[in-house]
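These notes are about the structure you will find just below.
So you know, we letter chains A, B, ... as the sequences are listed, proteins then strands, and number each from 1.
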Protein chains: 2
Amino acid sequence: MTINEIAKRANVSRTTVSRVINGSGYVRDELKKRVLQVIEETGYIPSENAKSLRTKKTNIIGVILPKISTETSSRLMNGIDQVLAPKGYQILLTITNQEPAKEIDFLHLLKGRNVDGIILLATHIDEPLREEIKKLKIPFVMVGQEMAGTAGVVLDDFQATYDLVKLFIERGHKEIGFIGVTEEDRAVGYLRKLGYLKALKDNGLEIKHHWIQEGNFDAASGFHATENMADEGELPSAIIAVTDRLAIGAMQYAKGQGLSIPNQLAIAGMGASEISTYIEPQLTTVDFSQVDAGVEAAGILLEQLSGQKTDTVTVKNNYRILVRESI
Amino acid sequence: MTINEIAKRANVSRTTVSRVINGSGYVRDELKKRVLQVIEETGYIPSENAKSLRTKKTNIIGVILPKISTETSSRLMNGIDQVLAPKGYQILLTITNQEPAKEIDFLHLLKGRNVDGIILLATHIDEPLREEIKKLKIPFVMVGQEMAGTAGVVLDDFQATYDLVKLFIERGHKEIGFIGVTEEDRAVGYLRKLGYLKALKDNGLEIKHHWIQEGNFDAASGFHATENMADEGELPSAIIAVTDRLAIGAMQYAKGQGLSIPNQLAIAGMGASEISTYIEPQLTTVDFSQVDAGVEAAGILLEQLSGQKTDTVTVKNNYRILVRESI
DNA sequence: TTGAAAGCGCTAACAA
DNA sequence: TTGTTAGCGCTTTCAA
């Protein structure tokens, strides 16, 4: 069923049908009714595809995610969809599964699909990727990493960690341990560690080597990191972990050793995962509000879509510390 | 940059360029090189859109979800993408936010976008929706609900709940409570309740009215449901909740009352949420393996795509009970 | 082995 | 107020 078929059946030109569908131009009421009638009868649905070819607008936004089943990703998607759907945009979703090479592949793929814009949730960023983004020439917003000359939304990982450490210090802690992740992850690994180190330094606190451990992203590695801390010397009085799961691993270790939380060991995580509210004691954590980040990213994209030249916007997404029982 | 432009620069016809891109038909090596060269230089990316218009194939699969940031959804997406991405399909994602009317809207929308197939994660299913699906005429797979004449993947909610109750009975429990949700949700609300009732009946156990409570999907309502049970009479010795969060709410109530779990009150949930492993005591739950459901759904779709007429497949997805500390 | 011509389903001048 | 014409970027006969 095509527009031509409808036109024939309604005994009008296809232009008229088009006008009826899009509510553009003048159409006599009688004809309009006739056309609408036929459309109704046939269940005709116009091909967006053909339309796009003509109008150069697909109303599709490409989104590139490293993974789908993480709270970060799904919350972000939530925010993005909240903004985009009401404006009539659909989301073409691609998932890299953490393979950096795929980010470039998907950038090409999405461009080939003539998407109106792209949102990339980046975990790392290297030269080839930078290159590719530069020559993209369609509305683009990067989330999670900063890049000169590109619109973006980043979480203020440095400052959030700094503030968290400061909170511990204000509460009288002088021995503060840190469980991080690989610094290749610029946001979670590098910047959060930097915030930690800076806060200690600014407050004249000692930085003990064995109080700084590294895990990957699961609870088990948080457990081992804490174990290592204990094995290599004294445990500090407080530990900050860069993710809630790592923090929960640390908790598990502490509980296993019969240490009371927060009295003998205070623990905080980051990310405001759902688990953090159900664990006992409830985990103090940092809420980065990924939903808002998604909303902001989509908002910036929309601005670009409407022709505004918003180059190099970088919105630092705000965060708040959720103080709960674990400290 | 279009195929015409490339053709002009390489001094060949656009047909030849097309052949080079698609590796179809005969092309002299020299010409091929010349074309490839130009493509490389210009960074040309063919328009999938124009291609689709001609070939009637978009390589896009539409997915309709009730929500994105739930473990069910994201695990399902995971499974779907795992299968579809390697075959060159992209996912066009639409989210209804639980508004039933939108399911039909999106069905139209996706059809208008000429997607090659559609996967719908359904929570309910009424007559208008059934109608719409019937006249869809493109590969379609329904997940989560059964519908005659339509390929689908359902979780065996009835049997899983039945088995869970049986497990309690085998462990000596005779008083088993139930926290459900609205029966409008056929799978989670209706079928699971049915499994519970049938298991009690089959084993000649008493069904006490106040032992059957209803919550929504959050922990707080699980708490209140349990509270109601206690207020309206004696608490049973065991409680089954149809979601982990409800179960966690029940746990919170029990702990607040100083009841020991599982000795004074045994509790099980369903869904194998991540939280269930971190809560204390660890929650016994049913793992429905949504990832597998996604894999199967995508697999069935792929079969339909390759022309196989797989009408009315309904894969009962397997499940397993994760027995942990809470019972 | 290559190219010319037609056409996928739609919109947008333009003319009537 | 309506229709004719051209063309979006591509693939696919068909003929050369």
Side-chain angles (χ1 to χ4, degrees), chain A residues 1-39 42-60 88 108-116 137-138, chain B residues 1-39 42-60 88 108-116 137-138:
Chain A
M1 195 52 57
T2 74
I3 197 171
N4 282 309
E5 182 68 11
I6 301 294
K8 203 189 296 171
R9 295 205 192 193
N11 223 325
V12 295
S13 76
R14 64 163 175 254
T15 310
T16 303
V17 177
S18 172
R19 287 203 257 261
V20 171
I21 295 171
N22 298 298
S24 59
Y26 303 95
V27 180
R28 203 173 1 131
D29 254 18
E30 190 203 330
L31 289 196
K32 191 186 235 171
K33 263 180 203 144
R34 221 157 72 205
V35 170
L36 252 18
Q37 167 87 286
V38 175
I39 289 180
T42 55
Y44 162 70
I45 300 175
S47 161
E48 283 299 321
N49 218 320
K51 186 172 178 170
S52 299
L53 191 58
R54 213 29 259 248
T55 59
K56 306 275 164 231
K57 199 162 179 324
T58 55
N59 281 304
I60 293 182
H108 286 166
L109 193 145
L110 290 173
K111 198 168 181 193
R113 291 217 181 271
N114 308 301
V115 297
D116 292 341
K137 292 197 179 88
I138 57 175
Chain B
M1 193 54 57
T2 76
I3 197 173
N4 282 309
E5 183 69 11
I6 302 294
K8 202 189 295 171
R9 294 204 194 193
N11 223 325
V12 295
S13 77
R14 65 165 175 249
T15 311
T16 302
V17 177
S18 172
R19 286 204 255 264
V20 170
I21 293 171
N22 298 297
S24 60
Y26 303 96
V27 179
R28 199 166 10 125
D29 253 21
E30 191 203 328
L31 289 196
K32 190 187 240 172
K33 261 182 205 141
R34 221 156 70 203
V35 171
L36 252 20
Q37 167 86 286
V38 175
I39 289 180
T42 55
Y44 162 69
I45 301 175
S47 161
E48 283 298 320
N49 218 318
K51 187 172 178 170
S52 299
L53 191 59
R54 208 40 251 252
T55 59
K56 305 278 163 227
K57 200 164 182 320
T58 54
N59 281 304
I60 294 183
H108 286 166
L109 192 145
L110 290 173
K111 199 168 179 194
R113 292 215 180 273
N114 310 299
V115 296
D116 291 342
K137 290 196 178 87
I138 57 175

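Using modelled atom types, one finds a donor on one side chain and an acceptor on the other under 3.5 Å when comparing B:Ser13 with B:Thr16. The closest side-chain donor-acceptor pair between B:Lys51 and B:Asn22 falls under 3.5 angstrom.
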(request) Decide yes or no on side chain to side chain contact (heavy atoms under 4.5 Å, CB included) for B:Val12 and B:Val20, but give the supporting numbers first. (result) CA-CA 11 Å; B:Val12 295; B:Val20 170; over 6 Å; no

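Within the 4.5 Å cutoff, no side-chain heavy atoms of A:Asp116 are placed close to those of A:Ile138. Residues B:Ile60 and B:Arg113 fail the side-chain proximity criterion, which asks for heavy atoms closer than 4.5 Å. Contact annotation: the side chain of B:His108 never approaches that of B:Lys111 to less than 4.5 Å [non-hydrogen atoms, C-beta and beyond].
Scanning both residues, A:Ile45 and B:Gly112, for their nearest heavy atoms gives CG2-CA, 3.5 Å. Between B:Asn59 and B:Gly88, the closest heavy-atom pair is CB-O, 3.7 Å. Nearest heavy-atom pair across B:Arg19 and B:Tyr26 is NE-O, 3.9 Å. For the pair B:Thr2 and B:Tyr44, the tightest heavy-atom approach, listed with the atom from each and the gap, is C-CE1, 3.8 Å.
Listed by first and then second residue, the salt bridge (charged side-chain N to carboxylate O under 4.0 Å, His left out) pairs involving residues 21-33 of chain A are A:Arg28-A:Glu30, A:Glu30-A:Arg34 (not counting sequence neighbours).
Rounded to 10 degrees, the angle between the two end axes of the helix from C:dT1-D:dA16 to C:dA16-D:dT1 is 40°, with five pairs used at each end.
The footprint of chain A on DNA chain D, defined by a heavy-atom cutoff below 4.0 Å, extends from D:dT1 to D:dG9.
Here B:Asn114 pairs with A:Ser47, A:Asn49, B:Thr58 under the side chain to side chain contact (heavy atoms under 4.5 Å, CB included) rule; sequence neighbours left out.
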(message) Treating primed atoms plus P, OP1 and OP2 as sugar-phosphate and everything else as base, which nucleotides of nucleotides 7-16 of chain C get B, S or - for protein heavy atoms under 4.0 Å?
(response) BBBBBB----

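Near DNA chain C, meaning a heavy atom under 4.0 Å from it, residues 28-37 of chain A has no residue at all.
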